[in-house]
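If you're wondering where the values come from, they're calculated on a predicted model, not measured in any experiment. Per chain, numbering begins at 1; letters A, B, ... match sequence-line order.
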Amino acid sequence: MNYWLFKSEPDTFSVDDLARARRSTSPWDGVRNYQARNMMRDQMTVGDLGFFYHSSCDVPAIAGIVRIVRAGYPERAALDPKSRYFDAASDPAKPRWYCVDVCLERKIEPPITLETLRKHAHGALAEMVLLRRGNRLSVTPVTADEWRFILSLA
DNA sequence: GCCAACGTTGGC
DNA sequence: GCCAACGTTGGC
């Protein structure tokens, strides 16, 4: 059982978009970073939980909780010339990009803002990857302690 | 293998 | 819109 944080720009794909998806489930695709890919491909397991984080928006915040319902598998979009995520350099016989499927467990309302998280950047969340300087990873691990603490803020 | 140039991320 | 930080690319 692991915990994660998934970033998404709500203009592109928000918690509400996931809620509207069939069975509130969707591939977490479009990730084009090797570190993030490796986590999805190698470390995520069915049943893991994740925060759904809204980035690059008015109020960056954790807006929901998702559950991983399918472990890492080759991302279809990367191999689909019609997809905006198409990657011509990815060999279909040896796919470069992977995704997992996530299901919305519940929205967090009101969302837990980045501002709130930062208040604990020198305390309980001192080691949180999301808060690290210069962090740009779109998928980051969350420790069990961080997970519990953040839930207590909701 | 180095590293400058460039593109992207993401908070502000 | 700005800019710091970082990843990727490609020439050498």
Novice: Does any donor atom in the side chain of A:Tyr98 or A:Asp42 lie under 3.5 Å from an acceptor atom in the other side chain?
Specialist: no
Novice: If you take any heavy atom closer than 4.0 Å to DNA chain B, which residues from residues 108-120 of chain A end up in contact?
Specialist: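 The stretch gives A:Leu114, A:Arg118 as the residues lying under 4.0 Å from the strand, ordered by number.
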Novice: Donor-acceptor pair, A:Asp17 side chain versus A:Ser14 backbone, under 3.5 Å?
Specialist: yes
Novice: Check A:Leu131 against A:Leu117 and note the closest heavy-atom contact, atom names and distance.
Specialist: CD1-O, 3.8 Å
Novice: Do other residues, nucleotides or ligands put more than 12 heavy atoms under 6.0 Å from the CZ atom of A:Arg76?
Specialist: no
Novice: Could you pull out the closest heavy-atom pair between A:Pro111 and A:Ala63, with the gap in Å?
Specialist: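 Nearest pair, atom of A:Pro111 first, then A:Ala63: CB-CA, 4.2 Å.
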Novice: Considering residues at least two apart in sequence or located in another chain, which fulfil the side-chain hydrogen bond (donor to acceptor under 3.5 Å, both in side chains) criterion with A:Tyr34?
Specialist: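 Here no residue qualifies.
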Novice: Kindly give the atom pairs (protein nitrogen or oxygen, nucleotide nitrogen or oxygen) under 3.5 Å for nucleotides 6-10 of chain C.
Specialist:
from  : atom 1 : to       : atom 2 : distance (Å)
C:dC6 : OP1    : A:Arg133 : O      : 3.3
C:dC6 : O2     : A:Arg136 : NH1    : 2.2
C:dC6 : O2     : A:Arg136 : NH2    : 3.2

Novice: Quick check: is A:Tyr3 connected to A:Val139 through a chain of hydrophobic side chains (ILVMFWY, heavy atoms under 4.5 Å apart)?
Specialist: no
Novice: Quickly work out the A:Arg132 CZ to C:dA4 C1' distance and round it to whole Å.
Specialist: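 Computing the A:Arg132:CZ to C:dA4:C1' distance gives 18 Å.
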Novice: If you draw a 6.0 Å radius around CD in A:Glu105, do more than 12 non-hydrogen atoms from other residues or ligands fall strictly inside?
Specialist: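 Yes, because the 6.0 Å sphere around CD of A:Glu105 holds more than 12 heavy atoms from other groups.
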